[in-house]
There are 2 protein chains.
Amino acid sequence: MITDMKDSKDSLLDLENFLCFAIYSTANAVTRAYQPRLAALGLTYPQYLVMVVLWERENRTVKAIGDKLSLDSGTLTPLLKRLETAGLITRRRDTVDERQVLIALTEEGRAMRERAEAVPAAMGQAFGCTLEEAKGLRAELMAMRDNLIASIDEAQ
Amino acid sequence: MITDMKDSKDSLLDLENFLCFAIYSTANAVTRAYQPRLAALGLTYPQYLVMVVLWERENRTVKAIGDKLSLDSGTLTPLLKRLETAGLITRRRDTVDERQVLIALTEEGRAMRERAEAVPAAMGQAFGCTLEEAKGLRAELMAMRDNLIASIDEAQ
DNA sequence: TGAAGTTAGATTGCTTGCAATTTAATTGCA
DNA sequence: TGCAATTAAATTGCAAGCAATCTAACTTCA
């Protein structure tokens, strides 16, 4: 059958076969899709994730936020400064261990939580999958993420 | 049972439940994991994707590359200029339709393909899943990506 | 104790990614 | 034909991401 010819295109360098591209491109699409709703709160997507982490538990160090989100200080420091400028968080040196900087929410930052709860609810259907599918996919991706990070760490 | 308590943490704003975060964070991990092998070729991850598209078919317009990768000229123009500076591609105005810019491979760019074939092979096991799982996940993600893009387009 | 090693965060420099705008070329249609 | 709408790239400005490096503070342990 002619349709079997497709398999001959099964090259190692075929974008159509790239799991990495599917992840990359879906991530870009996620950011673009969230943008309008987050812009209404004055947040970017990564800023939103930082706020979610802080709504879970306040008074975290930069390091603790970075561990949660797999981001380093090179990314977080300027992002946190922008959230501070926006009046959503405060940054202060830990008096006990002065290497650390503690991030806390302002009243305004705390108050934003309620409005933010509407975001995942509203985005849910944009993904176009059931809650069960989402859960399964989430678990598979997180396992893969951990594998990738482990492979980076192995290589020192 | 105590373990059932976990369900009470099933908040809408719990990072652990975020499919979007799993996608975001896995994409970051993918880029970091590919980095050492691509650096050996002198490429970044997005540059590698552009090269893959060109190895499939040469002489594409910037628009065609952007359609394949879901990237716009704001991202691609400077990236392509860097690939040109690196001696891997050429950029020339289409004489028939002078709005378009045609991207072709140089001999050097064409020659890189062979070395690049080793990359997906080497990365395969870093993902830590079978080829079957990868295929399934890829398909699910691409479907989700298309849904997200459609939801963006719907909103104009 | 005190020197070496480690850790937290900030900084620098570079490359995405994208919204918004601009320029130039082409198309469509009155 | 000829003017309005559309299209392709480029440009501008900003916010990530991250490698590499730096500084200051803490730990370790000889």
Side-chain angles (χ1 to χ4, degrees), chain A residues 21 24-36 38-39 42-50 60-67 69-86 91-103 148-149 152-153 155-156, chain B residues 21 24-36 38-40 42-50 60-67 69-86 91-103 148-149 152 155-156:
Chain A
F21 172 66
Y24 163 84
S25 194
T26 306
N28 286 345
V30 165
T31 304
R32 289 199 301 272
Y34 273 74
Q35 196 273 336
L38 293 178
L43 294 176
T44 64
Y45 182 71
Q47 288 170 9
Y48 166 69
L49 292 180
V50 169
R60 288 184 195 259
T61 63
V62 175
K63 176 72 163 59
I65 297 171
D67 285 346
L69 300 178
S70 280
L71 295 172
D72 69 5
S73 70
T75 300
L76 284 176
T77 297
L79 186 156
L80 291 167
K81 282 183 179 174
R82 281 187 285 272
L83 288 179
E84 187 183 35
T85 302
R91 299 159 67 238
R92 66 188 161 84
R93 285 273 161 192
D94 186 341
T95 51
V96 177
D97 183 342
E98 293 203 4
R99 289 173 303 180
Q100 301 185 144
V101 167
L102 290 168
I103 308 296
L148 288 166
I149 291 173
I152 298 165
D153 292 345
Q156 270 78 319
Chain B
F21 172 67
Y24 163 85
S25 195
T26 306
N28 285 346
V30 165
T31 305
R32 289 199 301 270
Y34 273 74
Q35 196 272 336
L38 293 177
L43 294 176
T44 64
Y45 182 72
Q47 288 168 8
Y48 166 68
L49 292 179
V50 169
R60 288 183 194 260
T61 63
V62 175
K63 176 72 163 60
I65 297 171
D67 285 346
L69 300 178
S70 282
L71 294 173
D72 68 5
S73 70
T75 299
L76 283 176
T77 296
L79 186 155
L80 291 167
K81 282 183 179 174
R82 282 187 284 272
L83 288 179
E84 187 184 35
T85 302
R91 299 159 67 240
R92 65 188 162 81
R93 284 275 160 192
D94 185 341
T95 50
V96 178
D97 183 342
E98 294 202 5
R99 289 172 304 181
Q100 302 185 143
V101 167
L102 290 168
I103 308 296
L148 287 166
I149 291 173
I152 299 165
Q156 269 77 320

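Residue numbering restarts at 1 for every chain, and letters A, B, ... go by the order of the sequence lines. None of these values were measured; they are calculated from a predicted model.
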Calculate the interatomic distance between [X] atom [atom1] and [N] atom [atom2]; express it in whole Å.
X	N	atom1	atom2	value
B:Leu76	C:dT15	CG	P	15 Å
B:Arg93	C:dT23	CZ	C1'	10 Å
A:Leu69	D:dG17	CG	P	10 Å
A:Arg99	D:dA24	CZ	C1'	9 Å
B:Lys63	C:dA25	NZ	C1'	16 Å
A:Lys81	C:dT11	NZ	P	4 Å
B:Asp94	C:dA25	CG	C1'	11 Å
A:Tyr34	C:dC18	OH	C1'	18 Å

Should A:Arg32 be listed as having a side-chain N or O under 4.0 Å from OP1 or OP2 of C:dA19? no
Side-chain N or O of B:Arg82 less than 4.0 angstrom from OP1 or OP2 on C:dC14? no
So which nucleotide from [options] ends up closest to the side chain of [X]?
X	options	value
A:Val101	C:dG9, D:dA10, D:dC18	C:dG9
A:Gln47	D:dG17, D:dA15, C:dT26	D:dA15
A:Asp97	C:dT26, D:dG17, D:dA25	D:dA25
A:Thr77	C:dA25, D:dA19, C:dA10	C:dA10
B:Pro46	D:dG17, C:dT27, C:dT16	C:dT16

Walking DNA chain C from its 5' end, the first of B:Thr95 and A:Leu102 to be reached, judged by nearest nucleotide, is A:Leu102
Which residue, A:Val62 or B:Leu71, contacts DNA chain C at a nucleotide closer to its 5' end, judged by nearest heavy atom? A:Val62
May I ask you to say what [X] touches in the nucleic acid, namely base, sugar-phosphate or nothing, with a heavy-atom cut-off under 4.0 Å?
X	answer
B:Thr44	sugar-phosphate
A:Thr61	sugar-phosphate
A:Val96	sugar-phosphate

Any donor and acceptor pair, going by atom type alone, linking the side chain of A:Arg60 with main-chain N or O of A:Ile65 inside 3.5 Å? no
Can a donor-acceptor pair be found, under 3.5 Å and without considering hydrogens, that links the side chain of B:Asp67 to the backbone of B:Ser70? no
Please confirm whether any donor atom in the side chain of B:Ser73 sits under 3.5 Å from an acceptor in the base of D:dA10, or the reverse. yes
By nearest nucleotide on DNA chain D, pick out whichever of A:Tyr45 and B:Gln35 is the more 5' one. A:Tyr45
With a 3.5 Å limit on both atom pairs, tell me what D:dG13 is paired to, counting Watson-Crick and G-U wobble, or say none. C:dC18
Sequence neighbours excluded, the answer for salt bridge (Lys or Arg N to Asp or Glu O under 4.0 Å) partners of A:Arg91 is A:Glu84
According to the interplanar angle, ranging from 0 to 90°, do the rings of B:Tyr45 and A:Tyr24 count as parallel (below 30°), tilted (30 to 60°) or perpendicular (above 60°)? perpendicular
Would you say that B:Leu148 contacts A:Arg32 through its side chain, given a criterion of any heavy-atom pair below 4.5 Å between the two side chains? no
Nearest-0.5 Å distance, CZ of residue A:Arg92 to CD of residue A:Gln100: 11.0 Å
